[in-house]
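A short worksheet on the structure shown next.
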Amino acid sequence: MVDDIKPRLRVPTTAKKGEVIEVKTLITHPMENGQRKDAAGKVIPRLIVNALKVTYNDKPVLNVKLDTAVAANPFMSFFVKVEESGTLKFTWTDDEKNSWTAESKVDVA
Amino acid sequence: MTSMTLTRRTALAAIASALVARNAFATPDQAREWLAAQAKGTPKEGKVTLKAPEIAENGNAVPITVSVESEMSETSFVKAIYIAADGNPNPPVATYEFTPLAGKAEVQLRVRLAQTEKLIVVAEMNDGVLYTVSREIKVTIGGCGG
């Protein structure tokens, strides 16, 4: 199941110096919230993506802590101010310490 | 001996009901307690905007937008946004920690709402001032599974 999990990004590839760009991310993850029961009535254990870290040229931009109330396939959109060309890096982590990373380059003119 | 068994049974029943109670829906107080534990102080109204549908047909994924008025400069920025839902089994929804590099304190996400309930947002500025907003969302089908 873990292999099916893929991060998706929508990030502008070019920007002006000092521009605040909108970043959209989505990771396909079931976000099992630990409240549901299976057919046998057993509680399905919680397994959610609990963190997303965003850096730009290795400088922290945003840390998100997610709880069970975040919907499946967590979609997150936010902003980043870009002063120079660089790489946005996203790291998701789930309850079982699996982690996924994605990168996107931004050219600043 | 019989009475002792009964006492034990009563005790077990009490423990069991306590466990069930923990799984039940949170109360608005729990949501407020969680928020108070994240950021110390008394939040004021204002600066924070919460956009959400008035009626959400599907509680499994309710799109919301939270934004906070701030210049997001090195000296004045939003340090964190805390989002709680006061009628979910677990009140915390998400915590966002910003640096001035974010440029703009606005986030979008999709949340699960178990029932018609209030979303409460607290924003913490870098100088420790807190702002809050809350909003009730009517939910037709709850999103926490059976």
Side-chain angles (χ1 to χ4, degrees), chain A residues 10 15-27 29-39 41 43-44 46 48-84 86 88-89 106, chain B residues 19 23-26 31 34 38 56 58-68 70-74 77-114 117 119 142-146:
Chain A
R10 187 164 293 170
K16 288 187 211 112
K17 188 177 157 38
E19 196 179 329
V20 177
I21 56 170
E22 185 174 21
V23 173
K24 292 179 177 174
T25 72
L26 189 147
I27 184 159
H29 192 285
M31 297 290 278
E32 198 54 66
N33 61 17
Q35 308 282 338
R36 296 198 313 148
K37 290 179 179 142
D38 63 14
V43 172
I44 306 170
R46 173 184 136 148
I48 65 165
V49 171
N50 57 34
L52 165 63
K53 278 189 166 56
V54 184
T55 60
Y56 190 60
N57 288 343
D58 298 322
K59 285 179 278 186
V61 176
L62 179 69
N63 278 337
V64 191
K65 282 181 231 160
L66 293 77
D67 223 291
T68 46
V70 175
N73 303 330
F75 163 83
M76 302 262 142
S77 100
F78 40 85
F79 292 86
V80 183
K81 192 174 184 180
V82 290
E83 293 287 357
E84 73 280 316
L88 268 169
K89 193 175 171 192
V106 184
Chain B
L19 285 175
N23 279 329
F25 292 118
W34 179 75
Q38 308 306 306
N58 180 1
N60 263 317
V62 183
I64 65 165
T65 306
V66 176
S67 58
V68 187
S70 165
E71 57 187 58
M72 293 303 273
S73 65
E74 289 294 328
F77 62 94
V78 180
K79 211 176 113 192
I81 294 177
Y82 310 97
I83 308 169
D86 75 354
N88 269 5
N90 299 310
V93 174
T95 303
Y96 286 81
E97 293 165 354
F98 296 92
T99 68
L101 264 187
K104 189 169 166 185
E106 180 176 319
V107 298
Q108 257 182 65
L109 72 158
R110 294 178 192 147
V111 302
R112 277 188 175 128
L113 299 176
E117 58 182 297
L119 273 178
C144 280

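In what follows, chains are A, B, ... by sequence order, proteins preceding strands, each numbered from 1. None of the values given here were measured: they were computed from a predicted structure.
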(request) Measure A51(A) against the heavy atoms of chain B and call it side chain, backbone, both or neither at under 4.5 Å. (result) neither

(request) Can you see which heavy atom on F98(B) is nearest to which on A102(B), and at what distance? (result) CD2-CB, 3.7 Å

(request) Find the one option among L26(A), V20(A), L52(A), V64(A) whose heavy-atom pairs under 4.5 Å with chain B are most numerous. (result) V64(A)

(request) Check each atom of E19(A) against the heavy atoms of chain B and say whether the ones under 4.5 Å are side chain, backbone, both or neither. (result) neither

(message) Test your reading of the model: is there a side-chain donor-acceptor pair from Y56(A) to the backbone of K81(A), 3.5 Å cut-off?
(response) no

(message) Whether the side chain of N73(A) engages the backbone of H29(A) through a donor-acceptor N/O pair (distance < 3.5 Å, no angle test) should be reported.
(response) yes

(request) List the atom of A114(B), the atom of G87(B), and the distance in Å for their closest heavy-atom pair. (result) CB-O, 4.0 Å

(request) Taking atom CD of E84(A) as the centre, report whether more than 12 heavy atoms of other residues, nucleotides or ligands fall under 6.0 Å from it. (result) yes

(request) Heavy-atom distances under 4.5 Å only: say whether P60(A) touches chain B with side chain, backbone, both or neither. (result) both

(message) Between E117(B) (side chain only) and N88(B) (backbone N and O only), is there a donor and an acceptor less than 3.5 Å apart?
(response) yes

(request) For chain B, find which of K24(A), E83(A), M31(A) contributes the most heavy-atom pairs closer than 4.5 angstrom. (result) M31(A)

(message) For the interface with chain B, which of T68(A), V80(A), L62(A) has the highest count of heavy-atom pairs at distances below 4.5 Å?
(response) L62(A)

(request) Mind ranking I83(B), V107(B), I81(B), V62(B) by heavy-atom pairs under 4.5 Å with chain A and telling me who comes out on top? (result) V107(B)

